[in-house]
Participant: 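Questions regarding the structure given below will be posed in turn.
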Amino acid sequence: MNGFQPSQRQLIIGLEQRGVLSSSAIKDAMNKVDRKKFVPGEMKDYAYSDEALPIANGQTISQPTTVVYMLELLGAKAGHKVLDVGSGTGWVSCLLAEIVGADGKVYAFETNKEMGKIGLRNVEKHKCENVMFRITDASKYWDAYARYDRIHVAAAFEKIPEQLLEQLKVGGVLVAPTQDGSLWRVVRKKEDEFEREAHQGFAFVPFVEQ
């Protein structure tokens, strides 16, 4: 395994040394939400490797570098309402739950039923009481809890839907990948004005609508 680290602490130190991790809120969340508890038994020895790991049915838990990079771009804060699309094992949902705190809320969606069962079980096991986790197509329900301070997406769109951007509050931030390998940070500056920036070199599973 590439990027193998023996402990969560060593993984975090490595991310800091490479300049990926700088936010104290994200670091605190990483310390509290142990990645090892979100991977299956046969992969637990590699839980602190800085790479994606297989979970079930061809699904993976994301690489720590990618997760932290996205969280840094997202900039979620205490008290925020966050939409988490493609929640998978629930690891990022629980990290977000720690970041936004008891006064915040995370609305997490996973469309893959088997992965969703794993994610829901993990969220319940970690007592993330400020996470609402649903196993369903996020696009059918994301407007039900809008508007959001932050939107985090872990599945790649062909193009980021305008309908999803409309769920952002003014001043809100969306971080989402597209299938051309771009990772987008979009800020809603005004009701009718969005600022977009692209970061290259990322690969995500495609977003699937049911």
Participant: If you measure from NZ on K125 to CG on L120, what distance do you get to the nearest 0.5 Å?
Facilitator: 11.5 Å

Participant: Are M132 and V106 close enough that some pair of their side-chain heavy atoms sits under 4.5 Å apart?
Facilitator: no

Participant: If you measure from the Lys or Arg side-chain nitrogens to the Asp or Glu carboxylate oxygens, is any gap between E114 and R121 under 4.0 Å?
Facilitator: no

Participant: Answer yes or no: is there a donor N or O on one side and an acceptor on the other, between the side chain of D137 and the main chain of T111, under 3.5 Å?
Facilitator: no

Participant: Can you tell me how far apart CG (L164) and CD1 (I151) are? Round to the nearest 0.5 Å.
Facilitator: 4.5 Å

Participant: Under a 3.5 Å distance rule, please check whether Q63 uses its side chain to pair with a backbone N or O of D50 as donor and acceptor.
Facilitator: yes

Participant: Could you tell me the separation between the CD atom of Q10 and the CG atom of L15, rounded to the nearest 0.5 Å?
Facilitator: 11.0 Å

Participant: For this output row, return yes or no: ring centroids of H126 and F38 closer than 6.0 angstrom.
Facilitator: yes

Participant: So how far is it from L183 CG to R185 CZ, rounded to the nearest 0.5 Å?
Facilitator: 11.0 Å

Participant: Where do A76 and L96 come nearest, in terms of heavy atoms and distance?
Facilitator: CB-CD2, 4.3 Å

Participant: Answer yes or no: are there more than 12 heavy-atom neighbours, outside E129 itself, under 6.0 Å from its atom CD?
Facilitator: no

Participant: Residues in side chain to side chain contact (heavy atoms under 4.5 Å, CB included) with Q8, at least two apart?
Facilitator: L11, I12, D34, R35, Y48

Participant: For a quick test of reading the model, state the closest non-hydrogen atom pair linking I99 to L71 and the distance between them.
Facilitator: CD1-CD1, 4.4 Å

Participant: As a quick check of understanding, evaluate side-chain contact (heavy atoms from CB on, under 4.5 Å) for K105 and V82, giving each step before the final call.
Facilitator: CA-CA 6 Å; K105 184 76 173 181; V82 181; over 6 Å; no

Participant: Walk me through whether L53 and Y46 qualify under side-chain contact (heavy atoms from CB on, under 4.5 Å).
Facilitator: CA-CA 8 Å; L53 296 174; Y46 306 102; 4.2 Å; yes

Participant: Answer yes if V170 and I160 sit in the same cluster of Ile, Leu, Val, Met, Phe, Trp and Tyr residues linked by side chain heavy atoms under 4.5 Å apart, and no otherwise.
Facilitator: no

Participant: Tell me, yes or no, whether the heavy-atom count around R18 atom CZ, taken from other residues, nucleotides or ligands under 6.0 Å, exceeds 12.
Facilitator: yes

Participant: Could you state whether M30 and I13 fall into the same hydrophobic cluster, counting links through intermediate Ile, Leu, Val, Met, Phe, Trp or Tyr residues with side-chain heavy atoms under 4.5 angstrom apart?
Facilitator: no

Participant: Would you call the rings of H199 and Y69 parallel, tilted or perpendicular, where under 30° means parallel and over 60° means perpendicular?
Facilitator: perpendicular

Participant: Test side-chain contact (heavy atoms from CB on, under 4.5 Å) on D84 and E110 and set out the steps.
Facilitator: CA-CA 9 Å; D84 183 26; E110 173 56 51; over 6 Å; no

Participant: In terms of side-chain geometry, is the basic nitrogen of K169 or D149 positioned less than 4.0 Å from the acidic oxygen of its partner?
Facilitator: yes

Participant: Apply salt bridge (Lys or Arg N to Asp or Glu O under 4.0 Å) to the pair E191 and R147, showing each step before the final yes or no.
Facilitator: CA-CA 12 Å; E191 280 292 329; R147 292 184 174 183; 2.8 Å; yes

Participant: Would you say Q179's side chain and A156's backbone share a donor-acceptor pair under 3.5 angstrom?
Facilitator: yes

Participant: Which residue pairs pass the salt bridge (Lys or Arg N to Asp or Glu O under 4.0 Å) test when at least one of the two sits in residues 150-168, sequence neighbours left out?
Facilitator: E162-R196, E166-R188

Participant: With distance as the sole test, does K44 use its side chain to make a donor-acceptor pair with the main-chain N or O of K36 at under 3.5 Å?
Facilitator: yes

Participant: Looking at every heavy atom in both C94 and C128, which two are closest together, and how far apart are they?
Facilitator: SG-SG, 2.8 Å

Participant: Do side-chain atoms of Y141 reach the backbone of F109 as a donor and acceptor pair under 3.5 angstrom?
Facilitator: no

Participant: For the backbone of Y145 and the side chain of K81, can you confirm whether one donor and one acceptor N or O come within less than 3.5 Å of each other?
Facilitator: yes

Participant: Walk me through it: do V67 and W91 pass the test side-chain contact (heavy atoms from CB on, under 4.5 Å)?
Facilitator: CA-CA 10 Å; V67 167; W91 182 43; 3.6 Å; yes

Participant: So which heavy atom on V39 is nearest to which on I55, and how close?
Facilitator: CA-CD1, 4.2 Å

Participant: Write down the atom of S87, the atom of F133, and the distance for their closest heavy-atom approach.
Facilitator: CB-CE1, 3.6 Å

Participant: Taking all non-hydrogen atoms of both residues into account, name the closest pair between V153 and P177 and its distance.
Facilitator: O-CD, 3.1 Å

Participant: Determine whether a donor-acceptor pair (N or O, by modelled atom type, separation under 3.5 Å) exists between the side chain of S182 and the backbone of Q200.
Facilitator: no

Participant: To the nearest 0.5 Å, how far apart are OG1 in T89 and CD1 in I61?
Facilitator: 3.5 Å

Participant: What distance do H152 atom NE2 and L95 atom CG have between them, rounded to the nearest 0.5 Å?
Facilitator: 9.0 Å

Participant: Examine distances only and state if a side-chain atom of S23 and a backbone atom of A25 form a donor-acceptor pair shorter than 3.5 Å.
Facilitator: yes

